[in-house]
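One structure is given here, and the rest of the page talks about it.
So that the names make sense, note that chain A is the first sequence line, chain B the second, and so on, each numbered from 1.
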Amino acid sequence: MPAYHPQRIEPKWQGYWEQHQTFATPDLDRGRPKLYILDMFPYPSGAGLHVGHPEGYTATDIVCRFKRMKGFNVLHPMGWDAFGLPAEQYAVQTNTHPRITTQANVDNFRRQIKSLGFSYDWSREVDTTDPGYYKWTQWIFLKIHDTWYDPDFEWADAQGRARRGKGRPIAELPIPEGVDPVAYRDSKRLAYRAEVPVNWCPALGTVLANEEVVDGKSERGNHPVVRMPLTQWMLRITAYGDRLVEDLEIVDWPKSIRDMQRNWVGRSEGAEVDFPVLVGGEAPPRPSGPFPATPAEDVIRVYTTRPDTLFGATYMVLAPEHPLVDRITTPEQKDAVAKYREQAARKSDLDRTDLAKTKTGVFTGGHAVNPVTGEPIPVWIADYVLISYGTGAIMAVPAHDDRDFEFAKTFGIPIRAVVEPPAEWLRANASPTREEAPADPAALLAAYKADPGAFAAVFHDEGVAIQSRNDAFVLDGKPTAEAKPAITAWLAERGVGKKAVNYKLRDWLFSRQRYWGEPFPVLLDDQDRVTPIGEDELPVLLPDLDDFKPTGTPEPPLSKAKEWVNYSEAYRREINTMPQWAGSCWYYLRYIDPKNTERPWDPEKEKYWLPVDLYVGGAEHAVLHLLYSRFWHKVLFDRGLVSTPEPFQRLVNQGMILGETEYTAYRDAAGAWVPAPSVEHADKGPIRKGDATGALLETVKLDDDQVVKKGEGFVIKDAPEVRIDARAHKMSKSRGNVINPDVVVNEYGADSLRLYEMFMGPLEAVKPWSMKGVEGVYRFLGRAWRMVVDYEAEEVVLDPRVTDAPPTPDQAKLIARTVAAVGDDYEALRFNTAVSRLMEFVNAFTGAEVRPKAAMETFTLLLAPMAPHLAEELWQILGHESTLAYEPWPAFDPALLKDDEVEIPVQILGKLRGKITVPADADQQAIEALARGDARIAALLEGKTVRKVIVVPGKLINFVAN
RNA sequence: GCCGAAGUGGCGGAAUGGCAGACGCGACGGACUCAAAAUCCGUUGGGGUAACACCCGUGUGGGUUCAAGUCCCACCUUCGGUACCA
């Protein structure tokens, strides 16, 4: 009976914690330091919990339990990101209301998560689909709608740094003379409606955000996506581009994530330049005055990061959708242009990627004037220029841009070198006739100036300006870094250019043509003008529908709720819904005050709990969720609704857990083995490399006893010449390698699952699953149990060797060291080594005839954060009546961490030649004397000249001798 | 292509510039058992030796250092992100 039996222990303690409200967190506790530790809340899918979820959840749970023992007031909540497409698709298929499936999925997730014994304060559970929650999602949307961004507003942040740019109430927007104030305000709001080309997915019956489209197909379901113009809600996240980048400096996040966010925002500096269009052979007169805010009529405005190459701009390209195309196109080119534009419009992103290899385009017949050379240059349209980036038009400098080069080559457009590459570059790229190329640097440069197109590569780096002069201005000789500001200033003086900043980041497409999402709290009149709904009318409830099927057009499903839509005679409701991101943008704020019906959160509580001290989740949210969330938070900050500029102080990404390692061999139709290096993985399956017929190979799964390591890779044991693939794959239903946490809990218990996931390796690393590994930690927990409990007795009693005896000196040292090391490991999120330490402790004590009870208690407390059920049970068996959750973390005597004597290596010329035992505080002379006194070392040093002796006291001694 | 992370036994992994491989899995040997499971004890990087000695070894090639898995340079491979962003 008294064997380790998690199936008995775990429900018992989960019941205890629930009954005693052990982990309910007081809203405010000025007496203790606070700690807000957050998990990314899950989307409760029908598939249930995945072993990836408990990885991060266990890590944060350990930190929470550890910190409670250290005296912190810890906030650790959980909730559900429950709006979203899968529930809606399921509703369509089965005609079940998404609320019903969502409820069932939430219940299942809650059951699974509770079965793992996490110390969440369940009284703070939130659900984004709860009207009591989305009321405030709508409320925040109205705040965003009520805000404009003042790029010139100066303020100081908490660190006292001067900052520029802030979101302000729309009422404070200065209205220029002579404009319609309502329309002007609407044009400046952070939430606005715009007609934009959107990604319409007919199969899903919805519009997708750019981020939800992968290779021209929907991220969910892999359905084709086409572009079409629609009026949509947009959030002006681009206004916050600089702030979102700058404040990455003040958060404690992994560098890789900060880099990803920075790249996603994609800030670049350059210049805007106006190119006048030749109309009827004449350029429009150059306007006097400064660079106009919007380009004059018959002027093509371009954005470039390399204004220093302006002398090399030999043609221009407009995006096919560019408004000037019609104006510029000559009658002869009209048909060709129209045809190209139509093709481009019909192209999905997928087609565009497919065709990315060769540049296409059509000449418009029109010309524009290069503002520095005065030369007329042809204007083309091509879909390699995107309407949504920059100004939708480029000046093409084929000599110094890969894309322009390729295009110019295809269409025979002149290529003019205006930046001098370094001599080595010229030499290295002087092909195709490299042998005949002049070796002399001056001759090489002359060749480059004459025809850069003859060189093997495009020089797109910085260099020195050449062939860049006109009657009034000389750039030649200037390095790129100087040439850029010089020419920008010259252009600005003449009112034809100015310094400019651009972002890859686009405004956030914030509406969806779906049912299962938050309704927008706004009304539209017969002219589509927007009126926000009053705060007292929130929430705008999602109307019940019996029919969730897409309308088959971009018309959202909510259009079917006729009564709901018709708000009044004058107004109808907005029928788009918000995207899934909306609810997850601010859930961390609701946790601090989840039941408040008066406001989204109490400002006092917000000041106490924010920012989140530790946020753990998957790297798949590295960009979107975290960027959107930070954006909302900054708007709330600017509006005085939150007190910190950033929501998440420290971020850690847990690594993905892969399936078990698989050994795969390949066989052709004739049954012959095909070595893995000759196999290529095509879309439909494995084929022989270079096999034009594309005949699929048979994949053969092998057990680990059928394979053997040979050289760099694995081979079949019985056919050692056949290399095979040995690799762990992402868990997926189709591959059949998904591990269900329920199965692991049933078989080994939650403590084993928790401990195994922590023992696998560093939290951030990608790691393959291994059931054998779970058995390993399960055995360890069994040993820990038997270290304390008499497993031969009938009843659950202490092992007779557990007594009140004092620890031996060696035991005392081990105890102190384990306390110190495990505490450090928990602090630094190094759970894998913490487990190792506890294993060493158990290994030492199971061999001991005397097991001091105090040592067993200390061990139990150290184990508790990782394996709380077993720890609580042992704690009770050791004679304690209540939970150990708030027991103080064990103390230790630092003196015990030091040894009196240490064994140190003796090296000769850096090679290990012996070991000596020396007093821990032995000085250099003493150590050297002891080392020289060692018979073996003395013999080895015999006849050699000792040139130098390196002694690191307490560490090592190294004789440099020959 | 660009950005990022990582390459250490058969496997997961450990190692403030100072004894590479802690801990676990697997394997092998032993104890207990009629037997097996469970449990316990021992061995386990490669070569070499009767046993020592000794030699080799952290993706590859260089470098810095008394000393490099760790720092620097170049390259290779794998994984993740991103991609006509002017």
Nearest-Å distance, [atom1] ([X]) to [atom2] ([N])?
{"X": "A:W785", "N": "B:rC40", "atom1": "CH2", "atom2": "P", "result": "16 Å"}
{"X": "A:D402", "N": "B:rC2", "atom1": "CG", "atom2": "C1'", "result": "12 Å"}
{"X": "A:K709", "N": "B:rG10", "atom1": "NZ", "atom2": "C1'", "result": "8 Å"}
{"X": "A:K911", "N": "B:rC55", "atom1": "NZ", "atom2": "C1'", "result": "8 Å"}

Look at all strands and tell whether [X] reaches a base, only sugar-phosphate, or nothing, counting heavy atoms closer than 4.0 Å.
{"X": "A:K955", "value": "base"}
{"X": "A:G266", "value": "nothing"}
{"X": "A:E903", "value": "base"}
{"X": "A:N958", "value": "base"}
{"X": "A:R936", "value": "sugar-phosphate"}
{"X": "A:F959", "value": "nothing"}
{"X": "A:R830", "value": "nothing"}
{"X": "A:R262", "value": "nothing"}
{"X": "A:S268", "value": "sugar-phosphate"}
{"X": "A:V960", "value": "sugar-phosphate"}
{"X": "A:Q907", "value": "base"}
{"X": "A:K504", "value": "base"}

Between [N] and [M], how many Å separate the two [atom1] atoms, rounded to a whole number?
{"N": "B:rC72", "M": "B:rG81", "atom1": "C1'", "value": "27 Å"}
{"N": "B:rA20", "M": "B:rG57", "atom1": "P", "value": "12 Å"}
{"N": "B:rC66", "M": "B:rC52", "atom1": "C1'", "value": "28 Å"}

- Query: With a 4.0 Å cut-off, would you call A:K944 and A:E942 a salt bridge?
  - Reply: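 No, no charged N to carboxylate O under 4.0 Å.
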
- Query: Do the side chains of A:D799 and A:M787 get nearer than 4.5 Å, heavy atoms only?
  - Reply: no

- For A:R735, check salt bridge (Lys or Arg N to Asp or Glu O under 4.0 Å) against everything at least two apart and list the hits.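 Once residues adjacent in sequence are excluded, the partners of A:R735 under the salt bridge (Lys or Arg N to Asp or Glu O under 4.0 Å) criterion are A:E662.
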
- Task: Take A:D751 and A:Y756, measure what side-chain hydrogen bond (donor to acceptor under 3.5 Å, both in side chains) needs, and give me the verdict at the end.
- Result: CA-CA 8 Å; A:D751 283 338; A:Y756 172 64; over 6 Å; no

- Message: With salt bridge (charged side-chain N to carboxylate O under 4.0 Å, His left out) as the criterion, how do A:D308 and A:R306 come out once you've worked through the C-alpha distance, each side chain's angles and the decisive distance to 0.1 Å?
- Response: CA-CA 5 Å; A:D308 60 299; A:R306 291 296 299 271; 3.0 Å; yes

- When syn is taken as a glycosidic angle within 90 degrees of 0, is B:rG80 syn or anti?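 Anti conformation here, the glycosidic angle of B:rG80 being more than 90° from 0.
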
- Item | Closest to the A:N832 side chain, choosing from B:rG12, B:rC19, B:rA14 |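 The listed nucleotide nearest to A:N832's side chain is B:rA14.
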
- Item | Nearest listed nucleotide, side chain of A:K255, among B:rG4, B:rC66, B:rC11 |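 Closest nucleotide among those given: B:rG4.
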
